[in-house]
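Some notes on the structure that comes next.
Just so it is clear, the model here is predicted, and its values are computed rather than measured. Counting starts at 1 for both ligands and their atoms, following the listed order. One is the number of the first residue; the rest follow in order along the sequence.
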Amino acid sequence: MAFAPDQIVASFRHRFPRAGTPSLYRAPGRVNLIGEHTDYNLGFVLPIALDMACYAAVASTDTGKLRVFSEDFDEEFEIDLNSVSDAKPAGKWWDYVVGVARELERSGIAILSSDMLVKSEVPLGSGLSSSAALEIASAVALLGGQPIKPLDLALLGQRAESQFVGMPCGIMDQYASVFGHAGAAIKIDCRSLDHEYVGLPDNVQVIAVNSMVKHELGTSAYRERVAECQAAVKALQEFDSSIESLRDVSMSFFVEVQERVPPVPRQRARHIISDTQRVVDFAAAARAKDLKEMGKLFVASHRSMQFDYEISCEEIDFLVDTAIGIPGVYGARMTGGGFGGCTVNLLAPDGVDSFRRTIAEAYEARYGKTPLFYDCKPAEGAGPVSAESAA
Ligand code: GLA
């Protein structure tokens with residue numbers, strides 16, 4: 001359910017009574033349908049932007065400061081605009097905002113002294129890109145209508161996260177938050193940074209299931225995977241020096257030489273090469289409205305993450321295994337960075353109620369936790385929320 005714009009404006013006024021009338025912006029989270037960890041290997045990914053978004057209400061001030069209040073954390077942060085360029089990350093939610101402010105400054109875009117309130121509907125730590133939603137919402141709010149190319153906006157958000165926050169992420173999340181399109185998934189070519197929209201068949205519903213677990217391995221394991229993929233590239237370059245990333249490696253070539261790649265990088269490479277191909281195949285199956293094939297690719301992708309990339313966990317495997325045994329479910333897989341968060345499920349619309357019931361009962365019985373369900377309808381990317389609705 002999208003927040004009502006007037007509620008956010010009212011919260012802003014309550015928090016910052018002396019500020020002027022705020023402008024309101026939103027940036028969505030995303031659910032990735034297929035192609036996991038393929039973005040930093042320059043392959044393909046296929047996310048959809050969600051109607052769950054992060055909102056930022058902003059008004060300029062004459063304080064010389066950037067003051068940000070997070071309604072979700074009930075916490076305020078302020079920074080002198082002169083200190084943005086030497087700011088250090090604090091391990092807090094505002095790192096994303098400060099990282100974005102720093103990147104805007106570095107791109108030569110003037111940031112005005114402002115009061116800002118942020119509030120998000122994207123669940124934290126669930127693999128639905130709450131961080132990218134916060135980065136992009138803050139970026140559009142701080143831009144305040146100054147022109148920027150959409151791709152530059154996405155890249156700026158990614159730099160804020162990789163260079164300031166310190167998470168060496170790919171481009172998928174910020175790209176999806178910027179380029180989201182109602183009614184379609186976005187097939188992103190992470191090398192050319194082009195995209196095409198892929199409509200999903202009408203008779204399928206995409207439901208994300210939040211396992212409500214997030215294992216703390218997150219960032220360190222992500223870093224490890226990035227390094228293992230680089231090790232695989234290095235080993236493969238011995239056979240073909242033109243290889244720059246795993247995107248350049250076909251499965252047939254890999255099968256020929258894989259024995260010469262050390263075991264762990266070999267497994268990681270097998271996931272990346274096969275999942276990149278699965279994005280292409282899934283987009284073709286979606287266009288052909290072949291739900292069975294789309295479902296098969298989902299499950300194959302999950303097994304590849306479970307056994308080759310080793311980024312799943314017990315609770316997520318349980319949700320996937322339970323889902324694929326339920327009538328009306330075409331396929332299920334983990335989505336996002338891994339080690340918890342959400343699964344994404346493709347199902348027949350008339351199977352949704354019994355799916356929710358069966359999953360909730362089974363998961364509660366096994367783990368004593370109540371999973372949350374999100375109906376993932378593709379939504380538009382970041383932008384202003386119309387003035388009338390925010391008035
Ligand atoms: C995180 C990163 C993305 C991507 C996914 C895994 O969400 O931010 O860049 O690598 O994990 O597909």
Any N or O on [X] sitting closer than 3.5 Å to an N or O of ligand 1?
X     : value
His37 : yes
Asp39 : yes
Arg30 : yes

Q: Assign the ring pair His37 / Tyr40 to parallel, tilted or perpendicular, where the plane angle (0 to 90°) is split at 30° and 60°.
A: perpendicular
Q) Relative to the ring of Phe239, is the ring of Phe253 parallel (under 30°), tilted (30 to 60°) or perpendicular (over 60°)? A) perpendicular
Give the numbers and elements of all ligand 1 atoms closer than 4.0 Å to a heavy atom of [X].
X      : answer
Tyr222 : 1 (C), 2 (C), 3 (C), 4 (C), 9 (O), 10 (O), 11 (O)
Met172 : 4 (C), 5 (C), 12 (O)
Asp173 : 1 (C), 2 (C), 3 (C), 7 (O), 8 (O)
Gly170 : 9 (O)

Q: For side chain to side chain contact (heavy atoms under 4.5 Å, CB included), just list the numbers for Val118 and Trp93, CA-CA rounded to whole Å, side-chain angles, deciding distance to a tenth of an Å, and then say yes or no.
A: CA-CA 11 Å; Val118 292; Trp93 58 268; 4.3 Å; yes
Q: Indicate, with yes or no, if the rings of Phe282 and Phe298 have centres closer together than 6.0 Å.
A: yes
**Q.** Presence of salt bridge, Arg287 and Glu196, under 4.0 angstrom
**A.**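 Between Arg287 and Glu196 there is a salt bridge, with a charged N closer than 4.0 Å to a carboxylate O.
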Q. Are the side chain of His302 and the backbone N or O of Gly331 linked by a donor-acceptor pair below 3.5 Å?
A. no
